[in-house]
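Read the structure below first, then the notes.
Everything numeric in this text was worked out from a predicted model, so none of it was measured. Computed from heavy atoms alone, side chains included, the values below leave out hydrogens, waters and symmetry copies.
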Amino acid sequence: MEQTLMDKLTILADSAKYDVACTSSGASRTARAGILGSCYAPGCCHAFTADGRCVSLLKVLMTNCCAFDCSYCVNRKSNDIPRATFTPRELAELTVEFYRRNYIEGLFLSSAVLGTPDYTTERMLAALRLLRGEYRFGGYIHAKAIPGTSPELLQQLGYLADRLSVNVELPSEQSLNLLAPDKGRHSIFRPMKQIAVSGAQSKQELTVYRHAPKFAPAGQSTQMIVGASPETDYHILKLTEGMYRKYSLKRVFYSAYIPVTEDTRLPALDTKPPLLREHRLYQADWLLRFYQFKADEILDEANQSFNPYLDPKCNWAVQHYGLFPVDVNRAPFEMLLRVPGIGPKSARRIWHARKLSSLGLDELKRMGVVLKRAQYFITCKGFAGAHPGRGIAGRERITQALIDPNVFGGSCEQLSLFTPPAVDDLITQGVAPRAAMRMVREEAVQCLAKAL
């Protein structure tokens, strides 16, 4: 039975939902005469799916017919699911018509491996050439590079897309060999290196000739699946730090593994996605990129998992409580970034404002400092630091201010999305949700207070 375009769109858009490396920032292209659409650095308009993920582009696969048999993937060749494939013309027309109706402002194009990586990439290139050439589409395009694609085709893809991404998928070569035998470390990191080198060369050429062709001007990103393999948070964070440094990545995305198949090599089907762990990885990733932290400062060999009750920055502050309080009018910028309640914007505002006059609590509050947390870690003009009290009661008061509100933000009807496993265990034993959250919170506060 011949599939309609709507049938194909339904199948291929649904098949793309597990790929979270879908970002739309980093490239600017103003509207020009004869060109359809424009691209702005802040990104495209956003919509949110039912599972809470952010979708900003037409997010589809070129095909979900795959020659690979990655055990964690819903599109693997051994899985019995409906299959579909866009022709390049169908995909190009669909993108343009959606854009004209103001449904989207760009395209995120990935694909399963149809035959070979090179054949799949050639079909993707054909669609992008139609968009950029015949349809004169100037909007944002994010293309997924297929592991194993030849360098020549990857180079062509980079000149048509604003951003490229090669998914690492699993954090170690051992897990790749076990769960994705058709992929290899070399087939993933070789194109990643090529994108980094070609992007740097393109920027150098643009300094000489401003009309030189741009290679992936929005850079590259990648994705790792969390929870499908046994690697620790520390292992993942060290890998992330290395990729940022070596390949100049713009973003690393983390995807909590959702069981899609029964396999002895994978978590059981009734295993809940590790959303709290994914959340902590994103917070730690933010510290690496904007707070001047190193991976070894956030986690280490002795502590390879994140604290479920404190975000990574607050956890570091608790472990290094002897370094505080700091005077915001004299502390180095790097130390300001490490104070709970002070973010990069607030730190920069403090850095500039204190050159003109000494800052007090009122000024800090206006600059966006969260004093509920920061008050126990800072001193300033007219303020010698908050005194929570002596003994265990004082330490508990500090931990009450630091504990992650996302973990205990639920009610008896609707638990937090990031509820720690201890709460779930109590609920399965028959404890009411609200009572379970209260009990775990009290125990967590007592344990964290002892660490101060």
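- Environment of OH in Tyr119: sparse, with no more than 12 heavy atoms of neighbouring residues, nucleotides or ligands closer than 6.0 Å.
- Each of Asp118, Thr120, Val166 was compared with Thr149 under the side chain to side chain contact (heavy atoms under 4.5 Å, CB included) criterion, and only Asp118 meets it.
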Criterion side chain to side chain donor-acceptor pair (under 3.5 Å) on Gln155 and Ser198, from CA distance to verdict: CA-CA 8 Å; Gln155 197 74 12; Ser198 298; 3.1 Å; yes
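- Residue Gln174 qualifies as open at atom CD: its count of foreign heavy atoms under 6.0 Å is 12 or below.
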Intermediate values then yes/no, side-chain contact (heavy atoms from CB on, under 4.5 Å), Leu153 and Gln156: CA-CA 5 Å; Leu153 292 177; Gln156 295 177 45; 4.0 Å; yes
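- Formation of a donor-acceptor pair under 3.5 Å by the Asn167 side chain with backbone atoms of Ile225 is not found in this model.
- The aromatic rings of Tyr140 and His142 sit perpendicular to each other, their planes meeting at more than 60°, with 30° as the lower class boundary.
- Using the six-membered ring where Trp is involved, Phe290 and Trp286 have ring planes that are tilted, between 30° and 60° apart.
- Tyr234 and Asp296 share a donor-acceptor pair across their side chains, judged by distance under 3.5 Å alone.
- Judged by distance alone, the side chain of Asp7 and the main-chain N or O of Thr4 form a donor-acceptor pair under 3.5 Å.
- Listed here is the closest heavy atom pair of Thr85 and Lys8: O-NZ, 3.2 Å.
- Side chains of Tyr254 and Thr240: a donor on one and an acceptor on the other come within 3.5 Å.
- With hydrogens and angles ignored, the 3.5 Å screen pairs a side-chain donor or acceptor of Gln220 with a backbone N or O of Met192.
- Tyr247 and Phe189 have parallel rings, their planes meeting at less than 30° on a 0 to 90° scale where 60° marks the start of perpendicular.
- Checked by atom type and distance alone, the side chain of Tyr244 pairs as donor or acceptor with a backbone atom of Val252 at under 3.5 Å.
- Both cation-pi conditions hold for Arg338 and Phe293: the charged atom is under 6.0 angstrom from the six-membered ring centre and inside a 45 degree cone around its axis.
- Taking all atoms of both residues into account, the shortest heavy-atom contact from Ser221 to Phe253 is CB-CE1, 4.0 Å.
- In Arg265, the CZ atom is crowded: over 12 heavy atoms of neighbouring residues, nucleotides or ligands sit closer than 6.0 Å.
- When all heavy atoms of Ala67 and Gly115 are compared, the pair lying nearest together is CB-O, 3.7 Å.
- In this structure, the side chain of Gln375 engages the main chain of Lys372 through a donor-acceptor pair within 3.5 Å.
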Stepwise salt bridge (charged side-chain N to carboxylate O under 4.0 Å, His left out) test for Arg280 and Asp404: CA-CA 11 Å; Arg280 289 284 181 258; Asp404 191 347; 2.7 Å; yes
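- With hydrogens and angles ignored, the 3.5 Å screen pairs no side-chain donor or acceptor of Glu241 with any backbone N or O of Lys238.
- Cation-pi check for Arg373 over Phe377 is not met; the charged atom does not lie both under 6.0 angstrom from the ring centroid and within 45 degrees of its normal.
- Closest non-hydrogen pair, Leu178 versus Pro181, comes out as O-CD, 4.4 Å.
- Of the possible polar contacts, none joining the Glu231 side chain to the Ile236 backbone as a donor-acceptor pair under 3.5 Å is found.
- Side-chain polar atoms of Ser78 and Asp69 form a donor-acceptor pair below 3.5 angstrom.
- Considering Arg132, Lys250, Lys214 as possible partners of Asp162, the one that fulfils the salt bridge (Lys or Arg N to Asp or Glu O under 4.0 Å) test is Arg132.
- Nearest heavy-atom pair across Thr63 and Ala84 is OG1-O, 3.1 Å.
- Between Tyr376 and Tyr321, the distance separating the two ring centers is not shorter than 6.0 angstrom.
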Ring pair (Phe, Tyr, Trp, His ring centres under 6.0 Å) between Phe137 and Tyr99, worked out: CA-CA 9 Å; Phe137 181 70; Tyr99 182 87; 5.6 Å; yes
Salt bridge (charged side-chain N to carboxylate O under 4.0 Å, His left out) assessment of Arg89 paired with Glu134: CA-CA 10 Å; Arg89 175 71 63 179; Glu134 182 176 329; 2.7 Å; yes
